[in-house]
Every structure is written in structure tokens, then in C-alpha cells.
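To find a chain, count down the sequence lines: A is the first, B the second, and so on, and within it residues start at 1. Model, not experiment: these values are computed from the prediction.
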Amino acid sequence: MAMAQSIASLSLGATAQLQGTSASGSAASGSARPSLSLRSNATGFSSQAHFTGSFGLSWSVQGNGLSRSERRHGAVLAVRAAAGEKKNVLIVNTNSGGHAVIGFWTAKDLVAAGHSVTILTVGEESSDKMKKQPFSRFNELREIGVQTVWGEPSDLGAALGNIQAPFDVVLDNNGKTLDVVQPVADWAKANGAKQILFISSAGIYKSSFEQPHVEGDAVKEDAGHKLVENYLADLGLESWASFRPQYMTGDGNNKDCEEWFFDRISRDRPVCIPAPGIQVTNISHVRDLSSMLTLAVEKPEAANGSIFNCCSDRGTTFDGLVKMCAKAAGKEAKIVHYDPKAAGVDAKKAFPFRNMHFYAEPRAAKTKLGWESKTNLAEDLKERYQEYVKIGRDKKDIKFELDDKILEAVSEPVAA
Amino acid sequence: MATSQAVLAQALPAASPVASSSGVSQRKPASAALAAPFKGSLAGLRCESNGAVVAKSSRLGVDIGIVKEAAGRSIARRAVVTASASATEPKNILMMGGTRFIGLFLARELVKAGHQVTLFTRGKAPITQQLPGESDEEFADYSSKVKHLQGDRQDFDGLKEKLKGTNFNIVYDINGREGKEVEPILESLPGLEQYIFCSSAGVYLKSDQLPHFEVDAVDPKSRHKGKLDTETLLQSKGVAWTSIRPVYIYGPLNYNPVEEWFFHRLKEGRPIPVPNSGMQITQLGHVKDLARAFVEVLKNEKAYNQIYNISGAKYVTFDGIAKACAKAGGFPEPQIVHYNPKDFDFGKKKAFPLRDQHFFTSVEKAEKELDFTPEFGLVEGLTDSYNLDFGRGTFRKAADFSTDDMILEKLGIKTAVAA
């Protein structure tokens, strides 16, 4: 079987060649990996004998530790092990909001796995938005060889300017509607990309009395993200996939998540939770998303044509989240349940998450990509709280107008 | 053909026929729309709807599979080859219990698969009873093959006497409750190859983070402590064991009033009182899926010394169960009434059949390792239960609306039908 041959033909160490400089700028010296990143600047490699997860055998090496032999003058059969080929990835990243951090982590993960990355952030480098994380930390990306550029997704060619290397993969972590993503997708196809990945949203799932949201469930057909998914499915690229995230925690986040809870807990304030408090949601550490995306880049055939719920594999109740945050802060949780209508507040403004069960499970990633969730909220939140205190946010002067309004409403005697 | 398939074919005349995965011979493809069935040496192949063929490492022996398409799913259909468990040589099976619910279906599957099955019961319930939808021929065949060993498993000495020299090589312990009940069986059966135990997801420690995975913390103080003790005891013995943890089991002939409780109220056009928000999430698993899972683990080395959650592929809220039951029985959308249980004293009576908390498990371990896929969706499964049981006028527990009336009165809600 070709597999046995490929194992025999893999060579390490002495026969591997150090990568020369390439336009993508990901010099081997910039990464911690040994000299196993072979890349031909001349022709691409034939992608025959592609061993992916679809054979159910765990060929789970993540890009380092496996070399491959090149076909050189009819010498050895070129074998592309699932994780062995280096990809050139373009990430089109949003300049704000909850998804911004995905591009930051994914860039890092991809580089660690031996790929080269360009991240194009929408807008201008000089904009005020760039003062917030993760953008304020893009030097961390440049230090590991990621090219950072700014521009408009409607004209990627212009935005990318002098960056020559054709991209194997384009990851759109920006658009929510077809008018924004279409030019990116079209450009990717026209410029030879083999794979397009789209960050969609688990918010497009239709509510049902059954849980959780599973890939394949009904979605709102006219949702912008869905229309993009439809477009990508018909585009005719070698591989496409859509990732539907939920809420994220993690270093470099552009949008508050656990911070909302820490703001209250660190000040010994009660945490107001819309009743009944048992609503289940999914808070993932962003590394779960970046690891899933990296796997998809490395297993384009396994990922092709798939929707992936991009989140951890456990849900948490609202009350449970408060308790974990309190524990992370070394404090007692004080929870007050309220009815938003009765308290005269808009739940969307008073609370950071959708006031309902909003819970998806990452079943496709597990079965198709062999992905595993590493989110451990109890531990992750400890880390996040330490960071929260380190930057002095527990001392910041914050107004809690809506909370106060709720607490007042709740403390009033209820009519019999 | 397999009993369950015949039963299903009768129950769901409008739906596409669903293939049962048990049994060796007389396998027919479920529908013309499906890919050709795999046979023989292509053991354990799974054909995904995007065309990828997934080879799973199969068990010893030849698996015969059927490609089945999930009925009623309007999106992303997933064609699955369900592997049969019948590849093993015939075993001499001792089943503790087997005359009440799970065992009724499981024993039949095992007999059909060619094993010799002996039910150990006190004889209080009939040893065999014809299942709703089971043909006379099938029932006669089963009755002629299944054996009975009469005794009280709580009488440990008597049990050992009865088991001495019997040569059972497999035990299915369906009704065990306490760890100490296992010892006499193990002592009496030196040739035992596998002890398969029906445990319960009730052993999991209540958590705010869900679902429960097999590796999660268990609660040594739970009501199901005995099940946990049994698992622990089995782990300490040398015999190969497998433990199955179901959640809420449902299906025709359920003696636990799960769906029955809802059907009683729906039938009378009564409002359905659900405690607190009705958002509590739980999980129902069809008894036939559970029986198949039990068959899957038989002589399956992968399953040795392993625990598996077995239940439906999806979870459901309390309110959702009410709605699903209404759909299943062809009733109009139910009126659901929420109440605070703390405002009432129901005495010894249970005002609601399910524990008032989130309670659901991940079945991905079984799906991955055992090639187990729950066949029944929630509404499909409840329809099966309704058509074969409650809808025919049969039930285990008569309707008792006394707690309902207490609730409705306090909330000032009138029932449509005079009490």
C-alpha cells in the first residue's frame, strides 16, 4: 500500500534541506522548528497519495516531525503527508469585535505548524481601532515572520501590494455578508488559492427545542453568513469550509467576555443574571478555534465541503460561568436572577450573551479532522483573571447603571 | 426480518423503512435511494455523504452492514453503514433480568444473532410476552429458543447453586443494583469471558458544565450509588467487563412513566405542568438503540473494561419533550404551565417524572469506538413508542392528575375538561 512506501521514503535530518529565503518571509530561523520545512520555490508538489484523516488512521502529526521527499529527477515518489506540506495562508481579518482575536491566534498556530502567513486587517493601520488588542500586539506576529498589511477586502490585490507569493489558503475572518466576502472569494479563486475558509457564526442556527446545534441543523436561510456559505459551496474551489464560532475567551480578545463577570466579581458586586440562570452557552478558549482552523488547513480534503461548529465541546450555564469566574478570582459568587422585562432593562444591553440556550457542539471537527477541544474553562479563567488584575482593570472606575437598576427592581417586593 | 424492523415498518408506514442492524442473514437494503450495501471483507466501512469513505478498524470477523439514510432529515444526510454485531461465534449468555423492558428487546436481538440466551428472573413477570408489532411466527421462534433459569438473585447462595456448572460465558446484567450482587455470579462462572452491565448516567456528579463525558466525576452519594459500586467492583476483578450508562430510556413497554406521563396529559387535553423554567435540558434514548449498543459491545475487545454513555444523539428541554410527545401522538400543541415546586407540598407523589436539573451525556465515545449511531430521532422514537404502546391503549401506570390539579388550582388555571 502506498502508505508503507511513503513511510519508507520519508527522510529526516541529513537529507532535509533548510529553507532558503522566500518571498513569504518565513525564514526558518524565525521559527522554533528544526530544519524540516521543505519548500520548493520552483514548482509545487504534486498532491498525490494524500493521506488525510479520511482513512480513519491517525496520521495526526502536526506539521513538524515529518519530512517528505521531493520528486527530483525521478528519484523518490513525492508524497504529501497530511501535515507535511507548507502552506501560504492569507488571513483577511476584521478590525474589531469578538472574532478579531481568531486571526491573531490562528496566525500564530499556523506559523508554529510550519506555514507562512500574511494577515490583512481591514481598514488602515493608523486607525484608532488598531490601538486595541489584538492589533496592538501585531509586533508579536511580525516577530515570528507573519506579514501584516492593511487594506480593503474589496481590492485585495491593491492591499497586498508587493507580496508576491501565491496563497494556497485564504481565510476570511471578516465578512458577515456576501457583498463583503464575495470579492475575497473571487480574488482567491482567480489567484490560484486551493482552499477558502470562512468564519461564519453559530448565530445562524434556528432555535429548536432540541439541543445542541449540530452541523446540518436548520439555519436561517437568509442570514448573511449563510448566503456566503452557499456562495462558497458553489465556487468550485478545491476545498472550502465554514466555521461557526460562539463566544471566546483568551489573550488578545478585542471584545469583553469573561471581563464582564470579573468587573463585578472583583468589586464584590452581585452578578445579575437573566432568570433562570440555567441557560447553556459555549465559551471556548480561542486556541480551540485556531487549532481547528490549522487542522483544516492541513487536511483540506477532510475539511472540504464541511460546516464546522467552531467551539469547545462543553457548554456551561450562566450561573456556572459566574461560579467559575468567582473561583478564578478567589471569591464567593453572588448571583441575582432577574426578569429583564420586569426590571425594565434590555437584556441585550444588560448581559453580554444571548438570553436563551445558545449551545453548539463541535461534532464535525472531531469526526472529520480528528480535532480535540482543549478548553478547560476553570483553568483558563484563572489565567484570565490574573491578566485582568495585572492590567489594573479591577481598579478601573466603572459605572454599573443597568446593574443598579436591576438590583433595585429585584429588591422591590413582588406583587402577590 | 428483524423484529424491530417489522415493528418499525408497521409503526411508520409513511416514513422510509429503517434498517435494523442486528441479525446475520436476510439483510435487505433499506431503500433504493441508498448506496449498495457492503458485504464480506469490507468490514466496517462508513460512507459519508460527501463521498469520503471512512475505514474504521473493524472487529475480528466479518461484518455485514447496511447503508441507512437518516429518515426525515432535510439537510446533510449522512449515510451510515451500521455494523452488525453478529460476527462472533454463538455464545452461552446469561441475562440477569430480561423480562421487563430493555431485556425484552435485547434478548431478542441476541437470540436472532444466534446466541443461546437464558433469562434469570424470579418468574414474577411472564418469561416471554409477545411484543406489540411482533408477528406470531417471530414470537414463537423467540419463545422456543430463549431459556429461563428461575431464582432470586438476592439469594446469593441459591444463585451460586443454580449457576454452578452452567458454562455461561457471557453475562448481561440488566437489573443489577448493588456491587455485592456481582460477586456470586463471578464466583460461579469461572469461564466467563465478559460481564456486561447496565449502569446509569445517574452516577455522574451534577455539573454546570455539560455534557457528561465518561471521564467526568461521579457522585458517590447519588441515588445510583449501587451502580457505581458495581462498576468499581468489576474494575477490581480480572474479568473483561463493559458498563453502559443510559440516561432516560424510552420506548414501547417503558415501565418508567417518561413519555407515558406526557401522553396521559395530552390525551386528556390537559395543560402540562413543568417545574420552573422548562429550560432544563435532558436526553432521551430509545430502548431499541440501547439494545443495539448492548449487542455491539458483545465480545468487542475495544469495549473491554470500558464505560459508554448510550442515549439519543441530541438533547431536549423539558418543554421540548412535551412538544415532541404532542407531535408523536398527533396531538395539538400542548399548553405548558410552569410552576415553582417550592411553593407546593406534594407529599410522596412525584409531580414530574424527570429530575429537575440539566442531565445529558455525550455519546461520542460509543459513536467513535463502537460504530454506534442512535437510529431514532426524538420525535421518531416517541412516535414508535406511541404507536406501539400508549396509542394502542396500553400503559403501565394509570393517570394520576392529583398533583397537576394542585398546581393548576394554585395558578388559577382551568383545565379544558372537567375533572
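Most heavy-atom pairs under 4.5 Å with chain B: of the set A/Ala275, A/Ser208, A/Pro212, this distinction falls to A/Pro212. Of the listed residues (A/Met356, A/Gln279, A/Glu361, A/Lys323), the one with the most heavy-atom contacts under 4.5 Å to chain B is A/Glu361.
With A/Glu215 contributing its side chain and A/Asn309 its backbone, the two residues share a donor-acceptor pair below 3.5 Å.
At a 4.5 Å heavy-atom cutoff, the contact between A/Pro276 and chain B is made by side-chain atoms alone. Interface remark: A/Tyr359 contributes side-chain atoms only to the contact with chain B (heavy atom separation under 4.5 Å). Looking at B/Gln357, there are no atoms closer than 4.5 Å to chain A (heavy atoms on both sides), in backbone or side chain. No part of B/Phe318 comes within reach of chain A, as not one of its non-hydrogen atoms sits under 4.5 angstrom from that chain. Both the backbone and the side chain of A/Asp313 come within contact range of chain B, judged by heavy atoms closer than 4.5 Å. Of the two parts of B/Gln209, the backbone and the side chain both hold a non-hydrogen atom closer than 4.5 Å to a non-hydrogen atom of chain A.
With a 6.0 Å radius and a threshold of 12 heavy atoms from other residues, nucleotides or ligands, A/Lys220 has its NZ atom above the threshold. Within 6.0 Å of atom NZ in A/Lys366, more than 12 heavy atoms from other residues, nucleotides or ligands are found, so the atom counts as buried in its surroundings. For A/Lys348, the NZ atom counts as loosely surrounded, since its 6.0 Å shell holds 12 or fewer non-hydrogen atoms of other residues, nucleotides or ligands.
Taking the six-membered ring wherever Trp is involved, the centroid distance between the rings of B/Phe352 and B/Trp261 falls below 6.0 Å. A centroid separation of less than 6.0 Å is found between the aromatic rings of A/Phe351 and A/Trp260.
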